[in-house]
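Notes for the one structure printed next.
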Amino acid sequence: MDTKTVQGYTLIKDGVNRWRIPKFGKMRVDAIVYVNDALLSLLHDDQSLRQLVNAAMLPGVVEPVVGMPDIHEGFGLPIGGVMAIERHGVISAGAVGYDINCGVRLLRTDLEARDLDKETLYKLIERIEHYVPTGIGKKGRHKGITRKIFDDVVHNGVEAVIRAGFGDRQDLNYIEDGGRLSGADISAVSKEAQERGEEQLGTLGGGNHFIEIQRVDRILDEKLAQAFGLFKGQVTVMIHTGSRGFGHQIATDYTKILWEGAKKYGIEVPEKGLAAAPIDSKEGQSYYKAMVAAINYAFSNRQIIMCDVIKAFEDVLKKTAESMGFKLVYDVAHNIAKWERHGGRDLLVHRKGATRALPAGHPQNPSAYMQTGHPALVPGSMGTGSYVVVGKGELSESFFSVNHGAGRKLSRTKAKSITKQEFERAMGDVIYNVGSYKDIVDESPLAYKDVEEVVGVLVNRGITIPVAKMVPLAVVKGVD
DNA sequence: ATGTAC
């Protein structure tokens with residue numbers, strides 16, 4: 001029997017790139033981690049496995065809790081964690097994350113990367129920055145409109161911003177859950193969160209959020225790529241952002257409320273980050289209503305940003321969106337909790353740094369992707385590359401989830417010690433909008449795991465099909 | 001991730 005000890009836990013190898021922590025102590029279910037040896041050895045210094053083990057102790061948790069190959073330490077559930085809870089179990093804000101419905105959107109075009117020279121790329125990112133406010137605390141350019149439609153947005157999602165003129169009704173078919181979950185209730189959201197939300201709709205934010213102009217570098221599955229409108233040498237645009245200060249405030253508010261709730265209902269919570277209350281309780285219900293408001297908001301935020309990015313391309317290239325072939329490929333959430341049907345029962349699946357990936361034929365696929373499975377978007381770091389994959393095979397164990405990115409290897413603090421030379425070398429020819437490398441050094445490719453390796457783990461495990469790899473040409477990051 | 005602090 002192949003075993004390893006990491007973070008004091010004994011893991012048993014149980015299949016290709018699959019390690020099991022059998023339940024012990026207060027764990028109610030086993031934990032499974034999808035990693036290879038190299039990625040497992042990166043986990044020695046962090047607390048991600050302990051966090052996964054702790055999640056396995058929560059009431060109502062369903063076998064197994066799952067760690068993805070990009071797993072690393074977070075607040076509560078690790079980033080790269082999946083935790084499904086049965087109907088009468090608990091809901092946890094920390095298992096969704098501070099950036100509720102952080103997610104990724106991919107746009108395709110008919111443009112060829114070879115037609116965009118450096119000067120044009122610089123103009124494009126400059127123009128994108130003109131339209132899309134970036135950085136922490138920034139307010140939206142569309143405040144006049146977004147304040148008016150705010151209530152509509154949180155309850156009805158992307159449909160509301162489309163009604164206000166951002167994009168086309170067709171877009172709804174290319175967003176997870178049609179860009180809206182039901183059950184939002186603004187009255188469950190604090191005044192403070194509402195104020196932050198009204199002002200920040202249509203902004204990118206900071207940290208790992210980005211807008212990237214990419215070139216399709218490799219097609220790995222010709223048939224699926226064609227179905228997604230992707231071809232080699234093509235220009236694509238990837239947008240990575242979430243619910244900004246709105247979701248953050250909700251997460252902050254409810255972490256406190258659920259912590260008190262846990263005490264009130266006598267739920268043993270192993271750490272503050274996993275603060276949780278019964279789904280059926282007043283506190284749990286309120287969090288769900290507020291969380292869904294933030295989910296709808298984040299989908300809408302990416303919709304507005306998409307429209308602004310397309311406007312920037314129209315300005316610079318002096319062509320219409322239509323003539324450039326702009327089309328939304330897909331939009332996925334990777335910090336979310338939602339009700340899903342698994343194995344004949346309704347489960348509240350918490351995904352934190354994990355992406356849903358429904359395979360071909362799964363009834364929950366949007367109609368456009370029923371025959372193929374929907375694209376799952378896996379951004380790497382800003383200097384390396386990103387993948388489009390599709391789920392396949394034994395995905396039910398992970399509740400139809402795959403990894404969400406490369407995953408951090410160095411903490412932000414540790415990444416600060418990367419030198420300018422190291423940073424520039426890692427960025428290669430990629431153009432970026434930031435003057436000083438110091439402003440984004442913690443987002444250096446060197447701070448991230450190797451996306452090829454991370455994606456390869458699930459490919460080799462037989463639960464994803466790689467479809468296309470995109471490499472960055474130019475990236476817009478937010479700085480303070 | 002985040003008006004990065006109760």
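Letters go in sequence order (proteins before strands), and every chain restarts at 1. Everything numeric in this text was worked out from a predicted model, so none of it was measured.
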request  = For A:Glu260, enumerate each residue passing the salt bridge (charged side-chain N to carboxylate O under 4.0 Å, His left out) test, keeping only those at least two apart in sequence or located in another chain.
outcome  = A:Lys263
request  = Write down the distance between CG (A:Asp253) and C1' (B:dC6), rounded to a whole number of angstrom.
outcome  = 14 Å
query = Residues two or more places apart in sequence or in another chain: which of them pass ring-ring contact (aromatic ring centres under 6.0 Å, His included) with A:Tyr131?
reply = none
task = Tell me, please, which residues at least two apart from A:His350 pass ring-ring contact (aromatic ring centres under 6.0 Å, His included).
result = none
message = Using the ring-ring contact (aromatic ring centres under 6.0 Å, His included) criterion, which residues pair with A:Tyr9? Sequence neighbours excluded.
response = none
query = To the nearest Å, how far apart are A:Glu443 CD and B:dT4 C1'?
reply = 15 Å
key: Residues A:Asp70, A:Lys449: salt bridge by 4.0 Å N-O rule   = no
Qualifying ring pair (Phe, Tyr, Trp, His ring centres under 6.0 Å) pairs, either residue in residues 48-73 of chain A, two or more places apart = none
remark   = Residues of residues 135-151 of chain A with a heavy atom under 4.0 Å from any atom of DNA chain B, listed by number, are A:Ile136, A:Gly137
Atom pair distance, as rounded to whole Å: CZ in A:Phe246 and P in B:dT2 = 15 Å
ask   = Rounding to a whole Å, what distance do you find between A:Glu192:CD and B:dA5:P?
value = 15 Å
message = So if I take residues 199-207 of chain A and measure heavy-atom distances to DNA chain B, which residues fall below 4.0 Å?
response = A:Gln200, A:Gly205, A:Gly206, A:Gly207
message = List the residues meeting ring-ring contact (aromatic ring centres under 6.0 Å, His included) with A:His155, not counting sequence neighbours, and say none if there are none.
response = none
task = Write out all pairs satisfying side chain to side chain donor-acceptor pair (under 3.5 Å) with one or both partners inside residues 56-68 of chain A, taking only residues at least two apart or from two chains.
result = none
